Novice: 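I have a structure I would like to understand better, so I am pasting it below and will then ask my questions one at a time.
Quick note: residue numbers are just sequence positions, from 1. Only a predicted model underlies this, so the values are computations on that prediction, with no experimental measurement involved.
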Amino acid sequence: MKSLLRLMVLILLAGLTLQLYFVARIALMAVVNPESTAFERSEVYRVVKKTGGLKWRQQWVAYSQISDHLKSAVIASEDASFIEHDGVDIEALEKAWDKNAKAEKRVLQAPNRSVDGKLAARAPKIVGGSTITQQLAKNLFLSGERSLLRKGQELVLTLCMERLLSKQRILEIYLNSVEWGEGVFGAEAAAKHYYRKPASKLSPYEAARLAVMLPRPKYFETRPNSGYLSSRASTIAARMAGVEIP
């Protein structure tokens with residue numbers, strides 16, 4: 001019994017130590033730019049293991065050197081309530097939950113026939129309701145696994161970031177570290193990769209296209225003429241004028 005109690009105490013202490021480590025890392029980010037994110041490191045490992053090499057493109061630039069068009073476009077596309085919420089957008093989560101439930105129901109009602117002739121339901125497309133802060137928390141510190149424990153840790157990190165960092169700093173770190181293609185990370189690398197210009201010179205439509213790519217950057221990198229990409233970019237460009245940026 002004493003051994004079990006001792007083990008539980010050690011687990012609690014380890015958990016507390018981990019949270020304090022995360023808090024210290026986040027507090028430091030108020031003045032120090034993160035060198036890399038957990039997601040970037042996992043991508044390096046994945047690609048190097050698969051191909052033996054990776055062309056890495058990333059260049060940190062100050063918030064002022066990123067086009068306001070891109071800031072507006074990313075907020076309009078990824079997190080319209082970024083300025084107002086405290087890290088979690090409950091309304092967006094409820095909408096995503098409802099949309100996913102409806103998608104799953106449609107799939108179950110219309111199964112597809114597999115190669116061997118048996119009926120097999122196609123997996124529904126999962127729509128997320130994560131805010132920019134939640135996405136950043138996950139990319140900076142966590143793995144890509146889906147579990148309640150990981151989601152709970154993401155929530156804790158999100159709330160810490162909202163308390164310790166300004167909205168401007170959160171957006172600055174996000175735009176400098178988010179993935180925009182195979183080995184392409186951050187706004188500066190993306191602007192040069194796709195448009196041969198710095199992030200400060202992006203036009204409204206160019207910024208809108210980059211913003212629309214974010215949920216599936218590798219997919220759209222190989223499909224630059226996607227009709228959806230062009231159509232959705234036009235929609236986001238029309239919304240940008242009404243977006244407040246930090």
Novice: Could you check H69 against S203 for side-chain contact (heavy atoms from CB on, under 4.5 Å), going step by step and ending with a plain yes or no?
Specialist: CA-CA 7 Å; H69 298 313; S203 70; 5.6 Å; no

Novice: So, using side-chain hydrogen bond (donor to acceptor under 3.5 Å, both in side chains) as the criterion, who are the partners of Q153 when residues are at least two apart?
Specialist: Q19

Novice: Are Y21 and R25 close enough, and set up right, to give a side chain to side chain donor-acceptor pair (under 3.5 Å), and what steps lead you there?
Specialist: CA-CA 6 Å; Y21 166 76; R25 285 280 306 276; 2.7 Å; yes

Novice: Could you tell me if the side chain of I26 sits less than 4.5 Å from the side chain of F141, heavy atoms only?
Specialist: yes

Novice: What I'd like to find out is whether the side chain of L140 reaches to under 4.5 Å of the side chain of P34, using heavy atoms alone.
Specialist: yes

Novice: State whether the number of non-hydrogen atoms from other residues, nucleotides or ligands found under 6.0 Å of E84 atom CD is greater than 12.
Specialist: yes

Novice: What pairs with F185 under ring pair (Phe, Tyr, Trp, His ring centres under 6.0 Å), at least two apart in sequence or on another chain?
Specialist: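 If we apply the ring pair (Phe, Tyr, Trp, His ring centres under 6.0 Å) test to F185, skipping adjacent residues, the hits are W56.
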
Novice: Mind checking salt bridge (Lys or Arg N to Asp or Glu O under 4.0 Å) for D68 and listing every partner two or more places apart, or none if nothing turns up?
Specialist: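 Result, salt bridge (Lys or Arg N to Asp or Glu O under 4.0 Å) vs D68: K71.
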
Novice: Are there more than 12 heavy atoms of other residues, nucleotides or ligands under 6.0 Å from atom NZ of K197?
Specialist: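 Correct, the count exceeds 12.
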
Novice: Should we count CG of L12 as having more than 12 external heavy atoms under 6.0 Å?
Specialist: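 Yes, CG of L12 has more than 12 neighbouring heavy atoms, counting only those of other groups under 6.0 Å.
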
Novice: Under the salt bridge (Lys or Arg N to Asp or Glu O under 4.0 Å) rule, collect the residues that match up with R169, sequence neighbours excluded.
Specialist: E172

Novice: Kindly determine whether L164 and V23 satisfy side-chain contact (heavy atoms from CB on, under 4.5 Å), including the steps that lead there.
Specialist: CA-CA 9 Å; L164 298 174; V23 170; 4.0 Å; yes

Novice: Are the side chains of P198 and E188 in touch, meaning some heavy atoms are under 4.5 Å apart?
Specialist: yes

Novice: Do M161 and I173 touch side chain to side chain, with heavy atoms closer than 4.5 Å?
Specialist: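 Not in contact.
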
Novice: Checking side-chain contact (heavy atoms from CB on, under 4.5 Å) between I245 and each of I83, I75, V74, which is the one that passes?
Specialist: I75

Novice: If you take all heavy atoms of G181 and E221, which pair is closest and at what distance?
Specialist: CA-OE1, 3.4 Å

Novice: Would you kindly confirm whether Y205 and W180 end up in one hydrophobic cluster when ILVMFWY residues are joined by side chain heavy atoms under 4.5 Å apart?
Specialist: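 No, no single cluster joins them.
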
Novice: Quick test of your reading: applying side-chain hydrogen bond (donor to acceptor under 3.5 Å, both in side chains), list the pairs with at least one residue in residues 157-167, sequence neighbours left out, ordered by first then second residue.
Specialist: T133-E162, E162-K167

Novice: Would you say the side chain of Q135 lies within less than 4.5 Å of the side chain of D79, judging by non-hydrogen atoms?
Specialist: no

Novice: If you apply the rule salt bridge (Lys or Arg N to Asp or Glu O under 4.0 Å), what do you find for E206 with R209, and how did you get there?
Specialist: CA-CA 5 Å; E206 289 168 344; R209 281 182 65 92; over 6 Å; no

Novice: Is there side-chain contact between S226 and F220, with heavy atoms separated by less than 4.5 Å?
Specialist: yes

Novice: For residues 177-187, which residue pairs qualify under salt bridge (Lys or Arg N to Asp or Glu O under 4.0 Å), counting only residues two or more places apart or in two chains?
Specialist: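 Matches after skipping sequence neighbours: R46-E182, E179-K218.
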
Novice: Which heavy atom of S177 sits nearest a heavy atom of Q58, and at what distance?
Specialist: CA-NE2, 3.8 Å

Novice: Is there a side-chain contact between L214 and V178 in this structure, where contact means two heavy atoms from C-beta onward sitting under 4.5 Å apart?
Specialist: yes

Novice: Considering residues, nucleotides and ligands other than L13, do more than 12 of their heavy atoms fall under 6.0 Å from its CG?
Specialist: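 Yes.
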
Novice: State the OG-CG distance between S42 and N139, to the nearest 0.5 angstrom.
Specialist: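 Atom-to-atom, S42:OG and N139:CG are 8.5 Å apart.
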
Novice: So do M213 and Y194 actually touch side chain to side chain, heavy atoms under 4.5 Å?
Specialist: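 Y194 vs M213: side chains touch.
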
